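Okay, so here's the structure we're looking at.
Chain identifiers are assigned alphabetically (A, B, ...) following the order of the sequence lines, protein sequences preceding nucleic acid strands; residue numbering begins at 1 within each chain. Note that this is a predicted model, so its numbers are computed, not measured. Heavy atoms only: backbone and side chains are in, while hydrogens, waters and symmetry mates are out.
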Amino acid sequence: MVDFKKLEKKWQNAWEDKSTFKVEVNDKKKFYIAIVYPYMSGLLHVGHLYTYVPSEILMRYKRMQGFNVLAKFGFHCTGSPIVTAAKKVTEKEPSQLESLKKMGIKESQFVDFEKPEHWVDYFSQETLVDLSSIGFSIDARYTFKTTSLNPPYDAFIRWQFNKLKEKGHVKKGKHPVVWCPKCNSPVGDHARSEGEGETPKDFIWVKFRLKDSDLILMAGTTRPDALYGQTHLWIDPNGKYKVVEVNDEKWVVGADTVKKIEEQYASVKIVGDISPKELIGRWAKGPLVDYDVYIVPAWFIDASVGSGIVYSALEDPVDLFELKKIHSNMKMLNEYNLDKDVVAKLKPFPIIKVSGMGDNLGEEIGKEFNITSPDETEKVKAAKDELNKRVFRKGVMQDNCRACSGMTVSECQEYLKEHLVKNGEAIMFYEFTNKVVCRCLTDAIIKMVSDQWFIEYNDPKWKKQAHECLDKMQIFPSETKKQFNYVIDWLNHWACTREFGLGTRLPWDTKWIIESLSDSTIQMAYGTISKYLQHPEDYDFKIDKLNDEFFDYVMLDKGDVNVVEKSTGISKVRLNTMKTDFEYWYPFDFRNSAKDLVQNHLTFCMFNHTAIFPKKHWPKTFMVNGRVMVNNEKMSKSKGNFFTIRELYQAHGADVVRLTAANAGEGINDANYDMAFLETAKKKLSELLDFAQNNYDKGRDEVLSIDNWFESMLNKSVKETTENIENMKFKSAIKTGFLDMQRNLKTYLNRTKNSPNKKMINQFIEVQTKLLAPITPHVCEEIWELIGKEGMVSLAEWPTVDESKIDESLVEIENIFAKVVSDISKVLTLAKITAPKKITLFISESWKYSFFKKLKEELDNTRNVGELIKATLVKGHEKDIPKLIQSILKDSSKLPATVTSQKQEVDALTQELDNLKGKFGAEVEIIKAEDSKEAKSKSASPGKPAILVE
RNA sequence: GCGGGGUUGCCGGAGUGGUCAAACGGGAUAGGUUUAGGCCCUAUUGGCUUAGUGCCUACGCAGGUUCGAGCCCUGUGCCCCGCACCA
């Protein structure tokens, strides 16, 4: 077995020594690949590998096609994960320490990892080691890390935000956030010990003004539409209520809600307690209707839920059945001094029309669910859920609903939410539907963050531009375009600042740090000149005074170079070098990522480009890949199928690991990194090297028809492989550019009895090496050297297709031969003949060939038997033709893909006579059907000789 | 709930109207080679079957369009992913 590791080191050193992948601006056409940078909270793992392989293959492929290729690589460090991880190290959290250990870090070094800055330095360096060890052909001078630890990058991000602000895309706003009062920060899904997936649900609290009083009863609801059908208010007769003063109004709310109001809405002054008894039996006036509503007790109401007060619209089955209870409960009516007549008159009245249902929705659904008593609480609840669903989906507001008449229920809800709040008749209020607990075990709350900065992705004009950008882009796979379209429309305000974590400070409000997904949206532009900004000393300048004018000049062609020279201290010459570089490289031509970045980063990238750059610098191509599984299971440390790239290449070698990654999958579906394939890859690559070494420049000079077949197949492989790469189908490229090629080689050697044509075998080895070079470059360089080629295969020219060498009839003839062999075997089995004496092959009568050709053409026009007969009729065969047409119509597989000729078929099979004789140990005779009296001979058809065994 | 993707042999997965179902990879079984194992080679891997190179059944389920459907349409079951301030 080949020592891959040794060979790989050799070529990695050679690339380094010869600066094979260092790029400079030149006259060639450029191709800029902006690789998504990895997060530096650890070493690269299989997931990264799978995402990076497409970029890496593409950059090598484009280089071989003569492009000047820039591949940007960075190290992402902004946000909270690194800080959190460092904190865990400080706290000596076992799983965190274990994970460091697994990445090869010694215990004595742990103390260094208590500082976030150390993570940034350490992992970006180690990642660079991994990248070169796996043979990625990037130019390391262009790599950079993010955050304020990298001042020029920091300046770039400030510039980006100043630009966004200038264009009016960044604004201050309010937003409800799931918040941990102890950690004093938002609690994302991943940071919860309970309540994953929970989001603040928006309610509105509607104001009901108590008659003959200045008190306002706040009634919470998600169904403002039902206000049109309001009948009365429910209140918890045993609950605790308070009167509080909010913005000069006196509200009655459940006692437990006071704190929530402060967190979400406004400061609260508690006036005092109020007993439900003081309210029951009185009247209140709510919005949207002219009448007053009566206040009624209900035990299903809980003062601590919502606002503690609910208004009733009797289409709701719960309310309806609850009211029935009260109707019949004289004792209670008396206890609360309720007016019997008023209560008796409370009746539902219809406001919503649901198709397929009558007017009295509550009663009807009750019957449907077979509810006989109000105490069947489960049934009642199920009925309520079902009704809500129907109302929301199909409900239309009836004519008695004033401004909302004719609206669908969902439209009406949106309309009322906005209008009631605007008119001061309600407030927005957010609640969880389930409990949320922070990882620190504190109950989370909903907090209204009010001085947060937002990027306004909801701006319709901006959305339009983003759509325009998307329309012009190439998206792989193309189905993903739909998803992008949806995301552009769905994106709303995006909170872009945080109080905690690594990153760049918001230039005009420095208490805030720019959030991690917002800071990386146009950094690909920075990547075009990062070589200079990260290593100014190599280019004789200093960058201690980078400012917005600098980026304006270099990237937007704005401002005066003399002014910029003065303010930055960078010479005009250097400024113009960077400007030229930027203008040469930008925009980026390709960017790929896993599909989870579609709904944020990749879409942000489009938005931000349209805001800041002119159209010519908008992104060109996105490719989205699935997530990677390992051995068909989600990768996870606990399952033991979590691998760093380092572990893999150290154990198997870079090429093997790369080939396995490229073969793991393609398209948007989840891929599978198959550890078993590592062994297959090893074998196949070893064989490849051995074969090239032992067979190059050996063979005969004479040309046989099988050589031409081989050449056809070779050209086909090049064609298909090139197409596959162009379509970002890298797994298919392995199939057509490697596996199929190897199978054809096997067939070829078999058919030539291991005596290949020298020219062909050389061509094969050269083409094979080139096609594989982007995927397994080390082995390919080695082969390239072994066969005595000049220079690096990495810089060799990508093979071109010679269409004239693709002869479909040769391909067909070879298929016929293979089929004949298998048919003979089959016949022998069926006839139970083990040792045949003689095999006769009858080649189809010659008229059938032209008939088949003609028929093939005619089939595109018609399927009508009569017409086909007329069109294809050959004199003298009036009887045969209808029969043939019938059978072909029934099973079109009888018609070969390519119709050859009788002569070709006879010649080809005659050439293989010895081959056939050897295979079956029998005499073989080939006869044209015309020359035989055997009845069987007439059943031969083009591509399918008749077979007679004796 | 909303949006996107998927559903094909023992497994992973090709295949988007006839040329073609199962490419390619993996696994399994039998045979050959081998001291043995591995590598490698051959055959089989939905069912049936005949003096013949075939027939039938199958692409989640049920319908439909078509001369013809894995592919198009309608309905439906199930699985995966995302739904935000988090990288």
Side-chain angles (χ1 to χ4, degrees), chain A residues 1 38-39 41 76 78-82 175 177-178 186-191 197 199 389 392-393 449 452 454-455 457 477 479-480 482-487 489-498 501 515-518 520 594-601 626-627 629 631-632 634 663-672 674 676-677 679-681 683-684 686-687 731-732 734-736 738-740 743 746 750 819-820 822-833 856 859-860 862-865 888-898 936 939-940 944-949:
Chain A
M1 187 76 73
Y39 201 79
S41 55
H76 199 201
T78 67
S80 56
I82 289 177
H175 198 71
V177 170
V178 180
V187 191
D189 244 0
H190 50 92
T199 50
K389 244 185 235 173
F392 188 75
R393 282 192 200 148
V449 181
Q452 172 68 272
F454 291 90
I455 299 184
Y457 290 121
E479 308 94 88
T480 320
K482 270 190 251 172
Q483 180 79 354
F484 276 111
N485 259 316
Y486 175 79
V487 174
D489 289 331
W490 162 83
L491 272 178
N492 214 310
H493 323 264
W494 181 272
C496 61
T497 52
R498 296 207 59 175
E515 175 268 336
S516 191
L517 282 169
S518 299
S520 52
K595 59 183 168 191
D596 37 357
L597 295 192
V598 169
Q599 40 278 328
N600 44 60
H601 171 77
R627 304 189 59 95
M629 322 249 275
N631 292 339
N632 272 317
K634 223 179 196 166
N663 191 53
E666 65 191 12
I668 194 87
N669 291 339
D670 287 350
N672 182 33
D674 184 358
F677 187 81
E679 297 306 320
T680 308
K683 272 190 297 202
K684 288 191 190 291
S686 279
E687 255 172 61
K731 182 176 175 154
S732 299
I734 290 177
K735 187 199 165 230
T736 56
F738 184 37
L739 302 170
D740 285 353
R743 191 165 35 90
K746 214 186 246 178
N750 217 324
K819 185 83 176 122
V820 163
S822 93
D823 284 349
I824 294 175
S825 313
K826 205 159 194 178
V827 171
L828 289 173
T829 316
L830 284 168
K832 299 193 177 65
I833 297 174
K856 228 175 146 52
L859 279 175
D860 292 338
T862 179
R863 291 269 156 185
N864 180 296
V865 182
I888 285 168
L889 277 181
K890 198 174 152 221
D891 176 10
S892 38
S893 70
K894 290 192 174 103
L895 206 58
T898 307
K936 186 143 233 38
S939 69
K944 205 160 186 63
I947 299 165
L948 185 71
V949 293

_Upstream residue (5' side of RNA chain B) when A:Ala676 and A:Ala671 are each assigned their closest nucleotide_ = A:Ala671
_Can you work out whether A:Asn750 or A:Asn669 has the more 5'-proximal nearest nucleotide on RNA chain B?_
A:Asn669
Which nucleotide wins on minimum distance to the side chain of [X], given the candidates [options]?
| X | options | result |
| --- | --- | --- |
| A:Ala946 | B:C83, B:U53, B:G5 | B:U53 |
| A:Leu948 | B:A51, B:A87, B:G3 | B:A51 |
| A:Thr680 | B:C86, B:G12, B:G25 | B:G25 |
| A:Phe677 | B:C85, B:G3, B:G25 | B:G25 |
| A:Lys735 | B:C83, B:A23, B:C40 | B:A23 |
| A:Lys731 | B:G54, B:G12, B:G6 | B:G12 |
| A:Trp490 | B:A84, B:G12, B:C80 | B:A84 |
| A:Asn492 | B:G5, B:C40, B:A84 | B:A84 |
| A:His76 | B:A87, B:U53, B:G6 | B:A87 |
| A:Trp494 | B:C85, B:G5, B:A87 | B:C85 |

If we take the [atom1] atom in both [N] and [M], what is their distance in whole Å?
| N | M | atom1 | value |
| --- | --- | --- | --- |
| B:G4 | B:G9 | P | 27 Å |
| B:A69 | B:G17 | C1' | 7 Å |
| B:C2 | B:U76 | P | 12 Å |
| B:U65 | B:C73 | P | 15 Å |
| B:G82 | B:C24 | P | 35 Å |
| B:U74 | B:U29 | P | 46 Å |
| B:G63 | B:U57 | P | 15 Å |
| B:G5 | B:G54 | C1' | 40 Å |

Does any part of the side chain of [Y], heavy atoms only, come nearer than 4.5 Å to the side chain of [X], both counted from C-beta?
| X | Y | value |
| --- | --- | --- |
| A:Leu739 | A:Lys684 | yes |
| A:Asn663 | A:Lys731 | yes |
| A:Arg498 | A:Ser516 | no |
| A:Phe454 | A:Asn492 | no |

Mind checking who [N] pairs with, Watson-Crick or G-U wobble, both distances under 3.5 Å?
| N | value |
| --- | --- |
| B:U50 | none |
| B:A87 | none |
| B:U42 | B:A30 |
| B:C78 | B:G6 |
| B:G63 | B:C73 |

Is any side-chain nitrogen or oxygen of [X] closer than 4.0 Å to OP1 or OP2 of [N]?
| X | N | result |
| --- | --- | --- |
| A:Lys944 | B:G52 | no |
| A:Lys634 | B:C81 | yes |
| A:Arg498 | B:A87 | yes |

*Report yes or no: is there a donor-acceptor pair, N or O only, under 3.5 Å between the side chain of A:His175 and the base of B:C85?*
yes
Send over the distance from [X] [atom1] to [N] [atom2], rounded to a whole Å.
| X | N | atom1 | atom2 | answer |
| --- | --- | --- | --- | --- |
| A:Leu739 | B:A23 | CG | C1' | 11 Å |
| A:Asp489 | B:C2 | CG | P | 17 Å |
| A:Met629 | B:G12 | CE | P | 10 Å |

*So does A:Arg627 pair up with A:Asp670, basic N to acidic O under 4.0 Å?*
no
Base, sugar-phosphate alone, or nothing: which one does [X] contact when heavy atoms must sit under 4.0 Å apart?
| X | answer |
| --- | --- |
| A:Asp740 | sugar-phosphate |
| A:Ile668 | sugar-phosphate |
| A:Lys482 | sugar-phosphate |
| A:His601 | nothing |
| A:Arg743 | sugar-phosphate |
| A:Ile947 | base |
| A:Ser80 | sugar-phosphate |
| A:Asn600 | base |

_Restricting to side chain to side chain contact (heavy atoms under 4.5 Å, CB included), what partner residues turn up for A:Asn485, sequence neighbours left out?_
A:His467, A:Leu470
*Verify, without hydrogens or angle tests, whether A:Glu666 (side chain) and A:Ser732 (backbone) share a donor-acceptor contact under 3.5 angstrom.*
yes
*asked:* Treating A:Asn672 as the side-chain partner and A:Asp674 as the backbone partner, does any N or O pair qualify as donor plus acceptor under 3.5 Å?
replied: no
_Syn/anti state for B:G9 [syn: chi within 90° of 0]_ = syn
